[in-house]
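Data block below; observations after.
Since the model is a prediction, treat every value here as computed from it, not as a measurement.
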Amino acid sequence: MGRKTLACALVATAALAVAGCGGVGAPSGETATAPSDPNAVSGRITVLTHRTDLVQNGVLKRYAAEFHRAYPKAEVEFEGITDYEGEVRIRMNTEDYGDVLMIPSAIAKENYPKFFAPLGNTTAMSKQYRFTGRTDVGGKTYGIATFGSANGFAYNKAVWQKAGVTEWPTSPAEFLAALRTVQARTGAVPYYTNFKDGWPLGTPWSNSVGSVSCDAKAGDVLATATRPWSPGSDLGVIDSLLYDIVHGGLAEKDPTTTNWENSKNLLAKGQVGSMLLGSWAISQLRDAATKAGMNPDVIGFMPFPAQKGGKFCAMLLSDYQQAVNVHSPHKEAARAWIDWFTEKSGYAQSQGAVSALRSVPLPSNLQPYVDNDVKLVERSEARTAQVNAIDDASEIGLAKQDYRQKIVDLARGAQPGSLHDYFADLDRRWVEASRSVRP
């Protein structure tokens with residue numbers, strides 16, 4: 001590692017705003033397109049991935065072999081990274097961050113052209129792909145989603161049926177009443193927070209923004225909100241439900257001892273009644289049920305307990321976005337891989353997830369949503385960059401666990417204070433931060 005590279009790595013920030021370091025400030029590249037003739041695509045490319053499990057079990061190697069058969073002059077090798085966000089953030093201060101990578105959440109949206117090659121015109125691509133708005137900068141798309149998920153509560157249907165709860169709750173009050181019934185009649189832990197692992201208190205809960213109001217632009221609204229946690233607002237309703245669950249003794253007794261991997265077994269075996277997750281988790285939960293000797297159909301999925309006009313709404317959100325390194329010498333092969341992986345590999349279907357391709361039907365695990373006329377709302381990303389800037393300046397972390405871990409601690413009496421006062425503090429910090437962020 002050279003002296004300049006080392007210095008850049010040492011001072012890398014979340015915003016990757018280190019002047020003169022490697023990829024920072026790099027000129028925007030030509031649009032990454034793959035030739036129509038597979039024999040015209042050549043080169044060995046490296047794909048950075050957070051899915052170390054799929055690297056270790058050989059699944060991605062099999063995908064690479066299939067890709068090579070389709071593109072005989074191109075080869076793919078994978079680099080699985082455990083601390084993906086942390087390590088890739090540092091590497092992006094150089095030009096060495098693979099040919100294809102999942103866009104780290106730390107990269108500010110307006111900086112995408114500095115690091116990634118554009119993949120096409122957003123208006124045109126949006127007709128073929130879901131979630132293009134998430135990586136749109138100046139009318140160009142810089143990433144294609146690996147897959148998408150709908151938000152909701154995974155639950156053990158046998159436990160809820162034993163409790164006599166056969167209808168999905170339509171309000172937070174009904175949901176709390178259902179959890180109390182589960183607790184009283186089954187002995188199962190009604191809800192599991194996964195407090196210790198952290199992320200289940202971050203992204204899944206924040207991904208519910210919009211489900212309460214049934215508004216695709218609920219996230220965009222935060223850019224100008226003066227009281228994001230006011231009564232009846234999306235965040236107010238969502239975070240109040242978390243507080244009420246824990247305060248009512250309806251979650252695990254000691255949240256500091258939770259374990260995500262074990263929680264899948266607990267839910268599958270009926271020792272836990274429910275967890276808020278994305279629909280991507282359903283296949284993992286059903287696999288856990290099968291391994292435990294249970295019928296995988298015991299795993300159900302219900303929308304957030306709120307209705308608008310008599311209908312449930314669930315947000316449809318993108319997972320990691322695949323991008324091409326603007327410095328890659330093999331952009332055509334990199335784009336060919338992304339296209340093949342998205343369109344031909346069947347990866348999204350294998351994960352029980354929503355394909356980025358609009359032409360692909362919803363996965364079977366979301367059939368209950370289809371049967372019950374749940375409205376799937378694709379979240380607008382028009383003002384994501386501004387919202388993220390405010391979020392960073394406020395040091396709240398909407399998609400991180402810290403502030404919701406405090407809600408859990410307030411609810412269980414591990415920290416002094418009231419939810420009302422905490423919401424007021426969050427509102428104050430949000431507004432102060434919004435004044436310091438340029439629109």
Will you find, in the side chains of Ser355 and Gln349, an N or O donor that is under 3.5 Å from an N or O acceptor? no
A quick test of your reading: do over 12 heavy atoms of other residues, nucleotides or ligands sit less than 6.0 Å from NZ of Lys162? no
Check whether more than 12 heavy atoms from other residues, nucleotides or ligands sit under 6.0 Å from atom CD of Glu395, and answer yes or no. no
Beyond-backbone contact of Leu222 with Ile390, side-chain heavy atoms, under 4.5 angstrom: no
side-chain contact (heavy atoms from CB on, under 4.5 Å) for Val387 and Asp220? Distances and angles first, verdict last. CA-CA 7 Å; Val387 172; Asp220 293 341; 5.6 Å; no
Could you check Thr342 against Gln322 for side chain to side chain donor-acceptor pair (under 3.5 Å), going step by step and ending with a plain yes or no? CA-CA 9 Å; Thr342 304; Gln322 309 161 88; 3.2 Å; yes
Donor-acceptor pair, side chain of Ser394 and main chain of Asp391, under 3.5 angstrom: yes
Give a yes or no on whether a salt bridge exists between Arg428 and Glu432, defined as a side-chain N under 4.0 angstrom from a carboxylate O. yes
How about Phe78 and Trp337: are their ring centres within less than 6.0 Å of each other? yes
Less than 6.0 angstrom separating the ring centers of Phe301 and Tyr155, yes or no? no
Are any non-hydrogen side-chain atoms of Lys157 and Ile299 less than 4.5 angstrom apart? no
Verify whether one side chain among Glu85 and Ser105 offers a donor that lies under 3.5 Å from an acceptor in the other. yes
Evaluate Asn207 against Leu276 for side-chain contact (heavy atoms from CB on, under 4.5 Å), listing each step before the verdict. CA-CA 10 Å; Asn207 281 353; Leu276 183 65; over 6 Å; no
May I ask you to decide if the ring planes of Trp168 and Phe312 are parallel, tilted or perpendicular, using 30° and 60° as cut-offs? perpendicular
Less than 4.5 Å apart, any side-chain heavy atom of Leu235 and any of Leu398? yes
Distance-only side-chain donor-acceptor flag, Thr141 / Thr135, under 3.5 Å: no
Just by modelled atom types, is the Phe131 backbone N or O under 3.5 Å from a matching donor or acceptor in the Glu378 side chain? yes
pair Thr226-Asp427: side-chain heavy atoms closer than 4.5 Å: no
Using the rule given for side-chain contact (heavy atoms from CB on, under 4.5 Å), can you reason through Phe147 versus Val354, listing the C-alpha separation, both sets of side-chain angles and the distance that settles it, and then say yes or no? CA-CA 6 Å; Phe147 58 72; Val354 178; 6.0 Å; no
Does one side chain, of Thr46 or Glu79, offer a donor that lies under 3.5 Å from an acceptor on the other? no
Other residues, nucleotides and ligands only: do more than 12 of their heavy atoms fall within 6.0 Å of CD on Glu261? yes
Taking Ser230 for the side chain and Arg227 for the main chain, is one N or O donor matched with an acceptor at less than 3.5 Å? yes
Qualifying side-chain hydrogen bond (donor to acceptor under 3.5 Å, both in side chains) pairs with a residue from residues 291-305, counting only residues at least two apart or across chains: Asp287-Lys291
Okay, side chain of Asp409, backbone of Gln415: is any donor-acceptor separation there less than 3.5 Å? no
Any side-chain donor near an acceptor of the partner, Arg51 and Tyr320, under 3.5 Å: no
Are Arg379 and Glu381 close enough for a salt bridge, meaning some N to O gap below 4.0 Å? yes
Between Asn151 and Ser211, is there a side-chain donor-acceptor contact under 3.5 Å, judged purely by atom types and distance? yes
With side-chain hydrogen bond (donor to acceptor under 3.5 Å, both in side chains) as the rule and sequence neighbours excluded, what pairs involving residues 233-245 come up? Ser213-Asp234, Trp229-Asp239, Asp239-Tyr403, Asp239-Arg404
Can you tell me if Trp280 uses its side chain to pair, donor with acceptor, with the backbone of Gly148 under 3.5 Å? no
Between Tyr142 and Phe115 (judged by ring centroids, cut-off 6.0 Å), do the two rings come close enough to count as a pair? no
Quick one: closest heavy-atom pair of Ala385 and Lys109, and the distance? CB-CB, 4.0 Å
Ignoring hydrogens and angles, state whether a donor on the side chain of Asp254 or Thr256 is under 3.5 Å from an acceptor on the partner side chain. yes
Quick check: does any side chain N or O of Asn194 sit under 3.5 Å from a backbone N or O of Trp260, one acting as donor and the other as acceptor? yes
Please verify the inter-ring angle class for Phe175 with Trp160; under 30° counts as parallel, over 60° as perpendicular, anything in between as tilted. tilted
Can you tell if the side chain of Ile338 reaches within under 4.5 Å of the side chain of Val100, non-hydrogen atoms only? yes
Please answer whether the main-chain N or O of Thr203 pairs with a side-chain N or O of Ser206 as donor and acceptor at a distance below 3.5 Å. no
Step by step, would you call Asp136 with Lys140 a salt bridge (charged side-chain N to carboxylate O under 4.0 Å, His left out)? CA-CA 5 Å; Asp136 170 71; Lys140 294 181 179 181; over 6 Å; no
We want to know whether Glu343 and Tyr129 form a side-chain donor-acceptor pair, criterion being a heavy-atom distance below 3.5 angstrom. yes
Whether the Thr193 and Glu252 side chains hold a donor-acceptor pair (N or O, under 3.5 Å, no angle test) is what I'd like checked. yes
For the backbone of Val189 and the side chain of Gln183, can you confirm whether one donor and one acceptor N or O come within less than 3.5 Å of each other? no
Can you list every pair that meets disulfide bond (SG atoms under 2.5 Å apart) and has a residue in residues 221-312, with sequence neighbours left out? none
Can any side-chain N or O of Ser149 pair as donor or acceptor with the backbone N or O of Leu317 at less than 3.5 Å? no
Ignoring hydrogens and geometry, is there a side-chain-to-backbone donor-acceptor pair from Tyr369 to Met302 under 3.5 Å? yes
State whether Asp402 and Lys406 are salt-bridged, where the test is any N-O pair (Lys NZ or Arg NE/NH1/NH2 against Asp/Glu carboxylate O) under 4.0 Å. no
Heavy-atom nearest pair, Ala218 first then Val209, reads CB-CG1, 3.9 Å
